[in-house]
Every structure is written in structure tokens, then in C-alpha cells.
Amino acid sequence: METDGSVSLIPKQRPSMWMAIAATLIAACGSFENGACSGYSSPTESAIISDLDLTTSQYSVFGSLLTVGAMIGALGTGPLADYVGRKWTMRISSGLCVAGWISIMLSQHAWSLDVGRFCTGVGIGIFSYVVPVYVAEIAPQEFRGRLMISYQLMLALGMTMAYLLGIVVTWRALTLLGELVFLSSLIRMLDIFYFLIWLHSISMLY
């Protein structure tokens, strides 16, 4: 507040809110990845079985490994997030998901499909814990409830996009949908939003 003509060093609430919203949307890309992984196996089943000559049992293993990986990923996420921090935990998860999608995209055999599916499962298991925690920590108190819905919204959006695109593109091309999380990982690594917050705080001085 300005009482004697001096300039307040406290940032205004609205710019902070928009930065929190932008950072939340970046983090929520992990939820989109979760939905894309969950929805991927449904529209691609017949094409993968045909192209790689899989049995129904082999494809069932492929589908179920996502859940197995997610359980394993979720179990160790709490200590990992406390040790390396929320952002680095999301970066690790992004790397696992990207590696998994690449393995699926280049697969010629059942085992490489399974490895990729397991990696994406571990990745989304980590995301499922760390994204809501991260959003709750960075969101202003008065907007926290509204920003928290981004997790469920992006989850549903990712699943819907996987279903719809799976109708019109090949199963290998559909893996590119999952690579969107890689872009969000790069943005987090560059710390763009910390730079924006710094610029905003400097601008309030003048």
C-alpha cells in the first residue's frame, strides 16, 4: 500500500493470479499425459495386434502394465518429491513418459511395447501425486479450489483426445500425443515463470 508517495514493493494480486494459473496449466500437462496414457490402449488394440502379430493375452499384458507401473511410481513419489523437490520430480516423470512413448512408437515386438507401457505407467503414477501437491502449494489461497480442478479437467481432456485421435491416426502416430508432456518439461526446466515473476517484481519498482 502507498501511504507517503513511495512505491509499494508488494506485487498486485491479479498478475500473481495469472502467473499461478499459467504455472498450473503447465503442471497440469502431467494430468493430460495421464489421460492420454489411459485412453491410448482402447482405440489402438486391433491395429497393434494386427501389425505386431500379438495374441490377445499379450495385448492384455500390455494394457495392464500401465496400472502396475502407476502403482510402483506412486509408492515412491512422496519421499522423492521431498528429496529433490516438486519440479524435479515432474521432470523425472516427464522423462519416463517420453522414454515410454518412444519405446512404444518404435516397437517391433511385444517386449518393447511392454517396457514402454511400464515406463509411462511409472511416469503417470508420479504425476498423479506430485501435480495436485504442486498446484496446491503454488495457488493463491482464494483461487486454490478453482485451480485444483485443472487436474481432473486435463485428465479427462487427455483421455478424450486419445480416443478421438485414435480413430483417425495410426497407433504409432498417436504416441506423438503423449510427447506433448515433453514440451511442458522443457518449459519447467527453463524456469520461465520464475523469470516472469522476477520481471514483474522489478517492474513494480518503477
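We use all heavy atoms of the structure for the numbers below, so side chains are in, but hydrogens, waters and symmetry mates are not.
- When the side chains of ILVMFWY residues are joined at heavy-atom separations under 4.5 Å, either directly or via intervening members, Phe32 and Leu165 end up in a single hydrophobic cluster.
- Put simply, the side chain of Val61 does not reach to within 4.5 Å of the side chain of Gln58, judged on heavy atoms.
- With rounding to the nearest 0.5 Å, the separation of OG1 in Thr77 from CD1 in Ile126 is 5.0 Å.
- Note that the SG atom of Cys119 and the CD1 atom of Ile102 stand 10.5 Å from one another [nearest 0.5 Å].
- In terms of heavy-atom proximity, Ala162 sits nearest to Gly39 at CB-C, 3.8 Å.
- Between Leu66 and Tyr40 the shortest side-chain heavy-atom distance does not fall below 4.5 Å.
- At least one donor-acceptor pair closer than 3.5 Å links the side chain of Ser103 to the backbone N or O of Ser112.
- Using a 30° and 60° split on the angle between ring planes, Trp111 and His109 fall in the parallel class, below 30°.
- A heavy-atom distance below 4.5 Å is not found between the side chains of Tyr151 and Val135.
- Counting only distance, with no hydrogens or angles, the side chain of Arg117 and the backbone of Cys37 share a donor-acceptor pair below 3.5 Å.
- Both Leu157 and Ile167 are members of a single hydrophobic cluster when ILVMFWY side chains are connected at heavy-atom separations under 4.5 Å.
- Side-chain contact between Leu52 and Phe62: absent, with no pair of heavy atoms (C-beta onward) separated by less than 4.5 Å.
- The shortest side-chain heavy-atom distance between Tyr59 and Thr44 falls under the 4.5 Å cut-off.
- Side-chain atoms of Leu54 and Leu113, non-hydrogen and from C-beta on, do get closer than 4.5 Å to each other.
- For the atom pair OG (Ser41) and CD1 (Ile48), the distance works out to 8.0 Å, reported to the nearest 0.5 Å.
- Linking ILVMFWY side-chain heavy atoms closer than 4.5 Å, directly or via other members, places Tyr129 and Ile124 in two distinct hydrophobic clusters.
- Both Ile49 and Val169 sit in one connected hydrophobic cluster of ILVMFWY residues. Membership requires side-chain heavy atoms under 4.5 Å apart, directly or through other members.
- A donor-acceptor pair under 3.5 Å is formed between the side chain of Thr175 and the backbone N or O of Arg172.
- Cluster annotation: Leu155 is not connected to Met161 through the hydrophobic network of ILVMFWY side chains, with a link wherever side-chain heavy atoms come within less than 4.5 Å.
- In this structure, the side chain of Ser64 engages the main chain of Ser60 through a donor-acceptor pair within 3.5 Å.
- At distances below 3.5 Å, at least one donor-acceptor pair connects side-chain atoms of Ser94 with backbone N or O atoms of Met90.
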* To do: For side chain to side chain contact (heavy atoms under 4.5 Å, CB included), just list the numbers for Val131 and Asn34, CA-CA rounded to whole Å, side-chain angles, deciding distance to a tenth of an Å, and then say yes or no.
  => CA-CA 11 Å; Val131 170; Asn34 193 338; over 6 Å; no
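- Considering every non-hydrogen atom in both Pro43 and Tyr163, the closest pair reads CD-CD2, 4.0 Å.
- To the nearest 0.5 Å, the span separating CZ on Phe127 from CD1 on Ile92 amounts to 11.0 Å.
- The backbone N or O of Thr89 lies less than 3.5 Å from no partner atom in the side chain of Ser93, so there is not a single donor-acceptor pair.
- Side-chain contact between Trp101 and Leu177 is absent, with no heavy-atom pair separated by less than 4.5 Å.
- A distance of 8.5 Å separates CH2 of Trp171 from CD1 of Ile104, quoted to the nearest 0.5 Å.
- The two residues Val130 and Ala81 have their closest heavy-atom pair at CG2-CB, 4.4 Å.
- Between the CD atom of Glu33 and the CG atom of Leu96 there is a distance of 10.5 Å, given to the nearest 0.5 Å.
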